[in-house]
A.B. asks: 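The structure follows.
Residue numbers start at 1 and run along the sequence shown.
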Amino acid sequence: MTEIWQSLLANLALVSVLVVAWDLVADFTGRLSPRIQSLLLGAVMCVGAVISMATALSVSGFVVDLRAAFIGAAAFFGGWPAMLVATTGSIAYRLYLGGQGANVGVMGILITAVVGLAWHHIVAARSRTMLDIFGFGVSVALAGLITLLVIPPQVITGLIQQSTFPSLLFRFLSTMVIGILLDRQQRRRDLSMSNMIYRAMVRELPDCLNIKDVDGRFIAANPATAEMLGAASVEELIGKTDFDFYSKDVAERFRQDEVGALKAGQTLRIEQPAVFPDGKQGWLYTLKAPFRDEAGKITGVITYNREITEQKRNAQLKNDFISTVSHELRTPLTSIRGSLGLIAAGVAGELPPKAANLVNIAHTNSERLVLLINDILDMEKIESGVIAFKIKQMPVRPIMEQAIAASSNYMAESRIRIVLVDDAPRAEANIDPDRLHQVMANLLSNAIKFSHADGTVMVKLQRRDRDMLRISVIDQGTGIPEAFRSRIFGKFEQADASSTRKKGGTGLGLSIVKTIVEKLGGAVSFETEEEKGTSFHVDLAEARRLHPRPYPPPRPPREPDGRLRVLICEDETDIATVIAALLDSEGFSSDVAPDIATAKALLQSRDYAALTLDIKLAEESGIKLFHDIRASPVNSDIAVIVISAVADEARRSLNGTAVGIVDWLEKPVDSGRLHAALAKIVASRNEQRPKILHVEDDEGVLAVMSAGLGSDVSIISAKTLQEARRAVAKRRFDLVILDIALPDGSGLDLLADLPLETGVIVFSAAEPDQKLGDRVQAMMTKTRASEIDVAKLVRTMLASSRDGTRPAARAKE
């Protein structure tokens with residue numbers, strides 16, 4: 001081995017020794033700032049470069065060493081501070097050594113420093129890889145070739161022959177060695193720091209965190225877990241299971257959750273009641289996630305537990321408070337607002353101008369108070385998820401009209417005119433009508449509030465691109481200040497939040513609007529200009545109309561006698577009086593039942609079109625009365641309108657058993673919704689015609705049968721078996737006229753879908769099976785019996801049904 005190879009090999013050993021030395025130093029400097037650590041790295045690398053030059057071989061006045069590995073590594077791993085220290089020291093020492101290669105050596109140091117700094121910036125924005133270290137080593141090795149350009153011609157030949165190849169090779173090897181070792185050191189220090197942080201986080205975490213193996217044995221846990229389980233230390237938990245700390249049934253339930261997480265391979269989130277080892281009952285929020293090894297195999301389960309007993313208790317207290325506030329505030333408001341509204345409308349006679357003005361002021365402010373209370377309670381219900389959204393496809397315009405009518409009395413003294421512009425006739429959307437009405441009411445009250453006296457508010461419905469509808473509420477008022485626009489949909493936000501602000505309100509209205517619209521799958525936006533007005537836009541997806549919808553039935557005639565009668569179940573005299581007055585104005589007469597016993601007695605003695613029901617009735621349960629009515633032989637199918645301060649609570653408690661309840665009205669009573677509910681009841685009573693389903697694919701037979709039956713029955717036709725099944729699924733029929741041969745199957749297959757009490761007449765060209773028994777009341781064959789014969793039989797069967805009897809024998813033709 002030549003002398004130059006021996007020198008470079010010794011330098012390479014020096015590289016390894018110094019890197020190990022730096023590793024020892026770095027372990028003690030891990031808590032220093034990054035800049036100090038960089039300066040220390042530069043100093044160590046400078047020492048290595050100096051020693052490398054001091055012990056290296058000189059060839060024709062040129063020092064052949066591995067200083068480039070130290071200088072490049074200082075710049076690559078330490079950045080500017082390390083590079084400056086290493087470069088400055090190395091240049092100083094190379095100038096001290098002198099010789100004809102001093103200038104070339106200084107240039108080589110600077111070039112290497114630039115290469116190292118360039119690679120430092122390349123990997124600064126991402127994680128360093130082995131490919132980066134390899135590229136760095138190649139760059140440092142090749143950078144040495146640049147210095148050959150400035151070496152005097154008389155020495156370059158000998159220098160190239162003696163040292164170029166070994167110098168390039170060892171520069172690359174030394175750079176790779178130092179790069180790999182420094183990279184591993186830094187990764188180990190980073191991992192150690194991360195582990196220390198995670199251990200501290202887990203140790204100080206007040207919630208329980210643990211890991212179990214697939215058999216449910218603890219393999220790791222934090223102190224909070226030991227404390228909750230009543231163990232003296234974490235070490236006492238290791239190797240044990242929940243069965244060592246909980247009762248058998250509780251531990252078994254926890255184990256089933258763990259097995260479920262292991263089998264599913266997914267994270268489970270559970271809120272569950274728990275009995276803690278100290279016997280205390282409470283609630284736990286539990287998260288269970290699979291624990292995987294490096295190969296991705298599930299080897300256990302990670303469990304995170306948080307006791308949420310206090311949160312559950314607070315949530316219940318909040319719900320109780322809301323329920324109490326709803327009842328205690330809304331009940332008296334019903335009397336106040338209803339009485340004032342009736343007086344203002346002239347029900348009690350004409351008032352002197354001064355008294356009328358005072359009553360109007362009181363009525364306006366009672367309306368304002370209702371809006372404030374509703375906003376607060378609605379926001380609480382929305383946030384807690386209590387409000388359920390009942391989405392259905394329906395026209396949008398009627399809801400807009402109802403909202404406009406309901407807002408017409410708000411701030412009547414301002415004389416604001418509301419104009420509806422419908423540029424999307426017959427548009428429909430999938431919406432909850434009550435919630436969209438609430439959105440419109442909030443937007444209209446805002447528009448009216450901030451409009452100038454005698455101004456105009458425009459409500460506009462239009463179609464936009466991509467099958468979207470836009471509802472706009474446009475005012476010409478004061479506009480929204482620039483500083484407030486970014487906060488406008490926040491809770492309790494007011495453009496002027498001072499106690500002396502001119503405009504009232506809670507600042508919840510627009511927040512409620514945004515929440516509801518987003519739950520309906522839409523978006524809300526606004527455009528505004530100060531002193532010129534504001535436009536709020538609600539964008540909803542348009543739904544295509546599946547079949548035409550009838551217009552709502554007209555209001556019942558207000559005749560002095562023969563009026564429909566309504567039973568008012570209400571124990572508060574003032575509220576009952578208000579409801580009675582509202583019913584009277586709608587053309588209904590009424591009786592009042594202050595308690596359940598009176599209600600039952602009246603229901604037994606009189607025929608009522610409807611019943612208004614307070615859920616809390618004279619300290620008794622209105623829900624129980626509702627169930628008793630449905631189970632009684634008299635008035636069991638009476639229509640019910642719930643009017644209560646806890647209507648939503650009652651709706652949840654009935655949970656699907658609320659058959660025949662037309663609407664749920666919160667106190668104070670919304671007269672518009674009461675009118676709509678009464679209109680439904682009148683329409684239902686008017687629609688007492690028997691409902692007949694005629695399953696027939698021949699247009700002529702359908703037409704003749706319809707003419708023969710006349711207008712005193714309601715007949716629906718179905719031309720296929722599938723159409724018939726859809727019709728039966730949607731409604732109940734008194735009688736079915738059934739053809740057997742249908743385009744998509746046998747009409748007899750429909751019998752399995754019909755209730756047993758539904759009468760069936762088979763009218764078919766095919767000869768029916770005579771073994772159908774009592775399931776078919778009549779079997780008639782086309783050509784042997786005419787449509788008129790069938791119509792006569794239908795009338796006979798319907799008459800028998802009304803009399804409570806059935807035909808003596810089945811008709812056969």
Side-chain angles (χ1 to χ4, degrees), residues 195 198-293 295-323 380-381 383-386 388 649 652-657:
N195 287 339
Y198 282 120
R199 283 196 298 270
M201 289 171 58
V202 172
R203 184 176 63 252
E204 301 302 328
L205 186 70
D207 301 323
C208 302
L209 186 64
N210 58 76
I211 302 175
K212 298 175 185 174
D213 61 19
V214 292
D215 296 319
R217 293 186 294 264
F218 288 97
I219 58 177
N222 67 341
T225 303
E227 182 180 351
M228 188 182 77
L229 295 180
S233 64
V234 171
E235 288 73 20
E236 188 177 328
L237 295 178
I238 306 304
K240 295 183 179 179
T241 69
D242 286 332
F243 290 91
D244 296 308
F245 301 97
Y246 291 101
S247 62
K248 183 178 179 181
D249 57 335
V250 174
E252 186 63 39
R253 190 171 77 243
F254 290 168
R255 180 58 184 158
Q256 289 176 358
D257 294 337
E258 292 170 1
V259 172
L262 290 170
K263 287 183 177 180
Q266 297 177 343
T267 300
L268 301 180
R269 292 174 174 82
I270 310 162
E271 284 189 7
Q272 56 188 334
V275 179
F276 298 100
D278 59 1
K280 182 181 70 172
Q281 293 186 344
W283 282 81
L284 274 180
Y285 168 77
T286 302
L287 184 149
K288 292 186 180 293
F291 178 62
R292 304 176 189 270
D293 60 16
K297 180 182 177 182
I298 298 177
T299 59
V301 62
I302 304 171
T303 301
Y304 168 82
N305 286 319
R306 169 182 289 180
E307 184 180 355
I308 57 172
T309 306
E310 191 64 26
Q311 291 92 316
K312 283 285 185 180
R313 185 180 296 114
N314 291 338
Q316 185 59 46
L317 289 174
K318 183 177 71 174
N319 290 338
D320 293 343
F321 171 76
I322 292 173
S323 178
E380 198 62 45
K381 289 177 183 178
E383 289 187 341
S384 61
V386 173
E649 178 184 326
R652 293 194 303 274
S653 66
L654 285 171
N655 191 25
T657 63

A.B. asks: Just by modelled atom types, is the W283 backbone N or O under 3.5 Å from a matching donor or acceptor in the T309 side chain?
C.D. replies: yes
A.B. asks: Any side-chain to backbone donor/acceptor pair from N222 onto L209? Under 3.5 Å, distance only.
C.D. replies: yes
A.B. asks: Which distance, rounded to the nearest 0.5 Å, do you find between the CG of D257 and the CD of Q272?
C.D. replies: 5.0 Å
A.B. asks: By the definition side chain to side chain contact (heavy atoms under 4.5 Å, CB included), identify the one residue from I219, D242, I302 that meets it with K212.
C.D. replies: D242
A.B. asks: Quick one: closest heavy-atom pair of A251 and F243, and the distance?
C.D. replies: CB-CD2, 3.6 Å
A.B. asks: Over all heavy atoms of both residues, which pair between P290 and A261 is shortest? Give the atoms and the distance, please.
C.D. replies: CG-O, 3.9 Å
A.B. asks: Drop me the distance from T241's OG1 to D213's CG, to the nearest 0.5 angstrom.
C.D. replies: 10.0 Å
A.B. asks: Looking only at heavy atoms, which two atoms of A221 and N210 are closest? And how far apart?
C.D. replies: CB-CB, 3.8 Å
A.B. asks: F218 and T225: which non-hydrogen atoms are nearest, and at how many Å?
C.D. replies: CE2-CG2, 4.2 Å
A.B. asks: Nearest 0.5 angstrom please: Q256 CD to K263 NZ, how far?
C.D. replies: 10.0 Å
A.B. asks: For the residue pair F254 and L284, establish whether any side-chain heavy-atom pair is separated by less than 4.5 Å.
C.D. replies: yes
A.B. asks: Compare every heavy atom of A231 with every heavy atom of F245, then report the nearest pair and how far apart it is.
C.D. replies: CE2-CB, 4.3 Å
A.B. asks: Got a second to check how far E258's CD is from R255's CZ, nearest 0.5 Å?
C.D. replies: 5.5 Å
A.B. asks: Is it true that a side-chain atom of D215 and a backbone atom of R217 form a donor plus acceptor pair closer than 3.5 Å?
C.D. replies: no
A.B. asks: Would you mind checking if R313 and E310 are paired as a salt bridge, meaning a charged N to carboxylate O distance below 4.0 Å?
C.D. replies: yes
A.B. asks: Do T303 and T286 make a side-chain contact, defined as non-hydrogen atoms from C-beta onward lying under 4.5 Å apart?
C.D. replies: yes
A.B. asks: Compare every heavy atom of C208 with every heavy atom of A224, then report the nearest pair and how far apart it is.
C.D. replies: O-SG, 3.5 Å
A.B. asks: Measuring only between side-chain heavy atoms, which start at C-beta, is E271 closer than 4.5 Å to Q311?
C.D. replies: no
